[in-house]
Amino acid sequence: MPELPEVETVRRGLKKLLPGREVQSVKTDWPKSLQGSKADVQQFLLGARIEAVHRRAKMLLIELSSDYTLVVHLKMTGQLVFQSDKERFGAGHPTDSLAHKLPDSSTRVEIAFTDGSRLFFNDQRKFGWIRLLPTPELEHLPLFQKLGPEPLDPSFSWQQLRAMLQRRPNASIKAALLDQTVISGIGNIYADEALWGAKIHPTMPIRSLSLVQIKRLHGELISILQLAISKGGSTDKNYVDAKGKKGSYLHFARVFRREGQSCPRCGNAIIKLRVSGRGTHVCPVCQKLKSPRAAKTEANQ
DNA sequence: CACTTGACCTGTCCGC
DNA sequence: TGCGGACAGGTCAAGT
């Protein structure tokens with residue numbers, strides 16, 4: 001569930017909390033959650049200092065002084081939560097805050113720093129992972145090389161979106177938006193929200209999209225992602241930021257998880273479909289299945 | 001080759 | 001109350 005806005009929110013939190021800290025010890029009880037040889041962990045993680053925290057697509061990159069990077073993918077239920085020395089020993093007031101209660105039953109990896117603070121990787125469903133990889137090699141790995149453009153990069157243009165989409169002319173627009181090699185960082189929530197904003201039906205084949213629709217979609221993707229970041233992302237069940245705080249975007253969502261409720265634009269009931277294997281929310285009135293041109297041709301017959 | 005389905009996992013919810 | 005099954009959805013591998 002963590003998509004670009006959630007991962008970006010975590011990054012902004014960790015960026016203020018992690019740089020400068022030195023790794024003292026690492027624990028895991030689930031090998032897939034922390035991938036890397038024992039020797040590499042010993043040599044390049046223990047004793048290393050955190051230099052910076054970056055994001056690429058839905059991945060977090062925690063850059064270490066050893067020229068290695070911890071690459072983190074939260075997948076569905078992953079959390080990266082920082083616990084200060086004070087929180088660890090129960091000082092401070094908010095006893096209901098998540099950081100006070102860690103580790104818990106979903107904790108898969110625990111990284112302790114020399115100053116007594118800790119970073120927890122929690123992941124109920126165990127789909128997520130942390131990989132220890134050499135920093136200079138990252139850009140050459142297929143994992144990164146195949147990724148599509150970052151939608152919030154200032155250079156991301158509608159022409160670029162069109163060019164990437166055209167690589168899959170027969171796919172549905174929803175399937176293409178979820179494809180990380182077409183565009184980075186979009187998941188099920190923001191795909192549905194952006195398509196509603198652009199008034200495009202999710203099953204529409206890319207080849208039948210008009211230029212106007214592509215331009216509208218480009219604008220909607222950017223504005224939805226920016227709005228979601230400003231709300232701290234979306235929390236359905238699990239997602240929290242680096243301090244254990246939930247995101248509030250779903251409170252503002254227009255179609256996602258709102259089947260049966262009325263469309264904020266036209267008042268008709270939102271319906272839920274299944275498109276390329278995913279729950280998909282649409283306004284059947286605002287988001288026409290046929291392009292205006294096809295509908296016109298049909299009307300003339 | 002393009003697209004779909006299954007696997008990876010666990011907690012929650014629904015019907016019986 | 002308990003139990004089985006469907007469902008949630010990011011990504012890769014396997015299948016059509």
Side-chain angles (χ1 to χ4, degrees), chain A residues 1-11 28-35 55-61 71-80 98 101 103-109 120-131 133 141-148 150-151 164-195 202-208 225 228 233-240 246-247 249-250 253 255-260 271-282:
Chain A
M1 226 163 280
E3 307 179 25
L4 186 154
E6 290 74 31
V7 180
E8 179 61 20
T9 301
V10 174
R11 186 193 72 82
T28 183
D29 63 346
W30 189 258
K32 288 181 181 175
S33 295
L34 178 60
Q35 302 174 14
R55 179 187 60 78
R56 176 73 174 103
K58 299 175 189 172
M59 288 175 281
L60 278 162
L61 311 178
V71 181
V72 185
H73 202 309
L74 302 174
K75 292 286 182 89
M76 310 286 297
T77 58
Q79 304 172 330
L80 268 185
L98 179 61
K101 300 175 187 162
D104 67 18
S105 61
S106 73
T107 298
R108 308 298 172 205
V109 182
F120 293 92
F121 176 58
N122 300 330
D123 187 18
Q124 183 179 97
R125 288 176 68 177
K126 301 178 178 174
F127 285 3
W129 43 255
I130 300 178
R131 292 177 190 167
L133 298 167
L141 299 175
L143 184 65
F144 290 89
Q145 224 169 21
K146 287 160 60 181
L147 290 172
E150 285 286 335
M164 295 308 287
L165 289 175
Q166 281 171 349
R167 304 188 333 171
R168 301 189 56 184
N170 299 314
S172 70
I173 181 61
K174 171 128 183 194
L177 288 178
L178 295 176
D179 182 343
Q180 301 299 297
T181 69
V182 170
I183 179 169
S184 289
I186 311 295
N188 209 35
I189 297 173
Y190 303 109
D192 282 8
E193 293 288 293
L195 288 170
T203 60
M204 181 90 82
I206 284 163
R207 83 183 107 69
S208 66
L225 295 172
S234 295
T235 295
D236 176 31
K237 284 173 60 82
N238 287 271
Y239 168 74
V240 292
K246 295 179 178 186
Y249 176 81
L250 285 188
V255 288
F256 190 80
R257 293 278 164 79
R258 293 190 181 273
E259 56 269 36
I271 58 171
K272 186 172 179 181
L273 313 170
R274 191 153 280 269
V275 178
S276 75
R278 319 296 268 284
T280 299
H281 310 76
V282 306

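For the numbers below, each heavy atom of this structure counts, side chains included, while hydrogens, waters and symmetry mates do not. We name chains A, B, ... by the order of the sequence lines, and we start the count at 1 in each one. Just so it is clear, the structure is predicted and the values come from calculations on it, not from any experiment.
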Atom pair distance, as rounded to whole Å: CG in A:Leu74 and C1' in C:dG10
11 Å
Checking side-chain polar atoms at under 3.5 Å, does A:Glu6 have a donor or acceptor matched by the opposite partner on A:Tyr190?
yes
Provide, to the nearest angstrom, the distance between the CE atom belonging to A:Met76 and the P atom belonging to B:dA7.
17 Å
Measuring only the P atom in each nucleotide, how far is C:dG9 from B:dC13? A whole number of Å is fine.
15 Å
Reckon A:Trp30 touches a base, only the sugar-phosphate, or nothing at all at heavy-atom distances under 4.0 Å?
sugar-phosphate
Just verifying a value: how many Å separate A:Asn188 CG and A:Glu3 CD, rounded to the nearest 0.5 Å?
7.0 Å
Please report the distance separating the P of C:dG5 from the corresponding atom of B:dA7, rounded so that it comes out in whole Å.
15 Å
Students often get this wrong, so: under 4.0 angstrom with heavy atoms, is A:Lys272 touching a base, only sugar-phosphate, or nothing?
sugar-phosphate
In whole Å, I'd like the distance from the NE2 atom of A:His281 to the C1' atom of C:dC7.
12 Å
At less than 4.0 Å, is any side-chain N or O atom of A:Gln180 found next to OP1 or OP2 of C:dG10? Yes or no.
no
Here the gap from A:Arg131 atom CZ to A:Lys32 atom NZ, rounded to the nearest 0.5 Å, amounts to 11.5 Å
Looking only at C:dG10, C:dG9, B:dT10, the nucleotide nearest the A:Gln124 side chain is B:dT10
Check this one for me: any side-chain N or O of A:Arg168 less than 4.0 Å away from OP1 or OP2 of B:dC3?
yes
Under-4.0 Å side-chain N/O to phosphate OP1/OP2 contact, A:Arg278 with C:dA8:
no
Side-chain N or O of A:Asn188 less than 4.0 angstrom from OP1 or OP2 on C:dG9?
yes
Take the protein atom CE of A:Met59 and the nucleotide atom P of C:dT11, then report the distance between them rounded to whole Å.
8 Å
Is any side-chain N or O of A:Lys32 closer than 4.0 Å to OP1 or OP2 of B:dC9?
yes
Write down the distance between NZ (A:Lys146) and C1' (C:dA13), rounded to a whole number of angstrom.
11 Å
Searching all strands shown, indicate the nucleotide that pairs with B:dT5 (Watson-Crick or G-U wobble; both distances under 3.5 Å).
C:dA13
B:dC9 P sits how many Å from A:Arg125 CZ, rounded?
11 Å
In whole Å, what is the span from the CZ atom of A:Arg207 to the P atom of B:dA2?
14 Å
Starting at CD1 of A:Ile189 and ending at C1' of C:dA8, how long is that distance when rounded to a whole Å?
11 Å
B:dC9 and C:dA14, which share atom name P, separated by this distance in whole Å:
15 Å
Closest-nucleotide 5' rank along DNA chain B - winner of A:Lys237 and A:Arg167:
A:Arg167
A:Asp192 vs A:Lys174, test: side chain to side chain contact (heavy atoms under 4.5 Å, CB included). Steps then yes/no.
CA-CA 8 Å; A:Asp192 282 8; A:Lys174 171 128 183 194; 2.5 Å; yes
Report yes if at least one side-chain N or O of A:Lys126 is closer than 4.0 Å to OP1 or OP2 of B:dG11; otherwise report no.
no
Determine: side-chain N/O of A:His73 to OP1/OP2 of C:dG10, distance under 4.0 Å, yes or no.
no
Any base atoms under 4.0 Å from A:Asp236, or only sugar-phosphate, or nothing? Heavy atoms, all strands.
nothing
Nearest atoms (heavy-atom pairs only) where A:Gln79 meets A:Leu74:
N-CD2, 3.8 Å
Interatomic distance, CE@A:Met164 vs CG@A:Leu177, rounded to 0.5 Å, equals 12.0 Å
Hey, which of these two, A:Phe127 or A:Leu143, hits DNA chain C nearer its 5' end, going by closest nucleotide?
A:Phe127
Counting only side-chain N and O atoms of A:Arg274, is one of them less than 4.0 Å from OP1 or OP2 of C:dA8?
yes
Look at the side chain of A:Lys58 and the backbone N and O of A:Ile186, then say whether any donor-acceptor pair between them is shorter than 3.5 Å.
yes
Just checking A:Ala175: base, sugar-phosphate only, or nothing, at a heavy-atom cut-off of under 4.0 Å?
nothing
